[in-house]
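A, B, ... follow the sequence lines: proteins, then strands. Residue 1 opens every chain.
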There are 2 protein chains.
Amino acid sequence: MSEIKQTSTNFSNKNALSDECPEAYASTIIGGQWTLVICSWLLSGKLRFGELRKKLPNITERMLTLQLRKLEENMIIKRTVYAQVPPRVEYELTPIGYALKPVIKALEDWGDRHKKLTNK
Amino acid sequence: MSEIKQTSTNFSNKNALSDECPEAYASTIIGGQWTLVICSWLLSGKLRFGELRKKLPNITERMLTLQLRKLEENMIIKRTVYAQVPPRVEYELTPIGYALKPVIKALEDWGDRHKKLTNK
DNA sequence: TATATTACCCACCAATTGTTAGGTACTATA
DNA sequence: TATAGTACCTAACAATTGGTGGGTAATATA
């Protein structure tokens, strides 16, 4: 997840959309491959970096770091660093992060339904 | 949106995730930049290709075509071609497509809330 | 002294997603 | 004959997203 070049057409299209459509806006924020899964684990309480990694079997450390940073920037999670060695960092949802619960629920319900339909 | 190389690590990670997490599964299906916006327009009734294009100011024809194809593959929309010249093609949501309504609603609500929080 | 532990960072690369700019077919109308 | 209209398609490119494999610090324990 490199820098976004704010001059690109991609960027301005996404921006224009996000301005008008809250659903498009929302999906640029929580649309990453791992975002919702991380949030759904955090819904049940704070977790350390290493704990999260174990819950997400295929994620690389780099990806987890990047996603957590992005979530932090968007104020969805709070990061707490304890001055210890070895280091200890805890992540937890903010209020707006917890507010994702109904979104996640709706997506899960729909996902289940859609999956049944297509697996047949 | 080219072919997905089904041998890639990306692909198998996404697959593994989708198997376990219906919310991750759902977001691979409706996570595209335009997907939800298209669906939210179709929630109010069937539309022709050209009508959709007018509603989505910045979309290119290619993108619209690709997105509609993907939605069709995923059985979210139905495509009806009328044998006329000039051609006439109509798109409408399937039942599982309409079932996205609560998802879109939840995302909109959350998006609005999040936007207020961060603009402030 | 060597190794383990934790939560990262970095450079480089592969894959996916989106855009640009050019087509096409076929009919109707000017 | 020239142009317009609709719903596409194609090749080539730009941008973003995700993965691989290496590294770091500082302390504790063997």
Point to revise | Gap between atoms CD1 and P, on A/I59 and D/dT17 respectively (whole Å) | key: 15 Å
Check your understanding: Which residues pass the side-chain hydrogen bond (donor to acceptor under 3.5 Å, both in side chains) test with B/E90, sequence neighbours left out?
Key -> B/Y82, B/R88
Study note, to complete from the structure: From CD1 of B/I38 across to C1' of C/dG18 the rounded distance in Å is 13 Å
Write down the protein N/O and nucleotide N/O pairs, taken from nucleotides 1-8 of chain D, whose separation is under 3.5 Å; answer none if there are no such pairs.
| from | atom 1 | to | atom 2 | distance (Å) |
| --- | --- | --- | --- | --- |
| D/dT6 | O3' | B/R48 | NH2 | 3.0 |
| D/dT6 | O3' | B/P87 | O | 2.9 |
| D/dA7 | OP1 | B/R48 | NE | 2.9 |
| D/dA7 | OP1 | B/R48 | NH2 | 2.9 |
| D/dA7 | OP2 | B/G50 | N | 3.0 |
| D/dC8 | OP1 | B/R69 | NH2 | 3.3 |
| D/dC8 | OP1 | B/R79 | NH2 | 2.4 |
| D/dC8 | OP2 | B/Y91 | OH | 2.5 |
| D/dC8 | O3' | B/R69 | NH2 | 3.4 |
| D/dC8 | N4 | B/E61 | OE1 | 2.3 |

Check your understanding: Does a nitrogen or oxygen in the side chain of B/Q84 sit under 4.0 Å from OP1 or OP2 of C/dC26?
Key -> no
Point to revise | Atom-pair distance (CG on B/L66; C1' on D/dA11), nearest Å | key: 13 Å
Check your understanding: Between B/W34 (CH2) and D/dT16 (P), how many Å, whole number?
Key -> 15 Å
Study note, to complete from the structure: Sorted by chain and residue number, the side-chain contact (heavy atoms from CB on, under 4.5 Å) partners of A/T35 (sequence neighbours excluded) come out as A/I30, A/Q67, A/L71
Check your understanding: Taking only residues at least two apart or on different chains, which pairs with a member in residues 43-57 of chain B satisfy side chain to side chain donor-acceptor pair (under 3.5 Å)?
Key -> B/R53-B/E61
Point to revise | A/F49: ring pair (Phe, Tyr, Trp, His ring centres under 6.0 Å) partners, not counting sequence neighbours | key: none
Practice item. Please report, rounded to the nearest Å, how far the P atom of D/dG21 is from the CZ atom of A/R62. Key: 14 Å
Point to revise | B/M63 CE to D/dT10 C1', straight-line distance once rounded to whole Å | key: 14 Å
Exercise for review: Could you walk me through whether B/L42 and B/Y98 pass the side-chain contact (heavy atoms from CB on, under 4.5 Å) test, one step at a time?
Suggested key: CA-CA 9 Å; B/L42 289 178; B/Y98 272 111; over 6 Å; no
Review point. Do any pairs count as a salt bridge (Lys or Arg N to Asp or Glu O under 4.0 Å) and have a residue in residues 72-81 of chain B, sequence neighbours left out, and if so which ones?
Key: B/K78-B/E92
Point to revise | Interatomic distance where CD belongs to A/Q33 and P belongs to D/dT17 [whole Å] | key: 12 Å
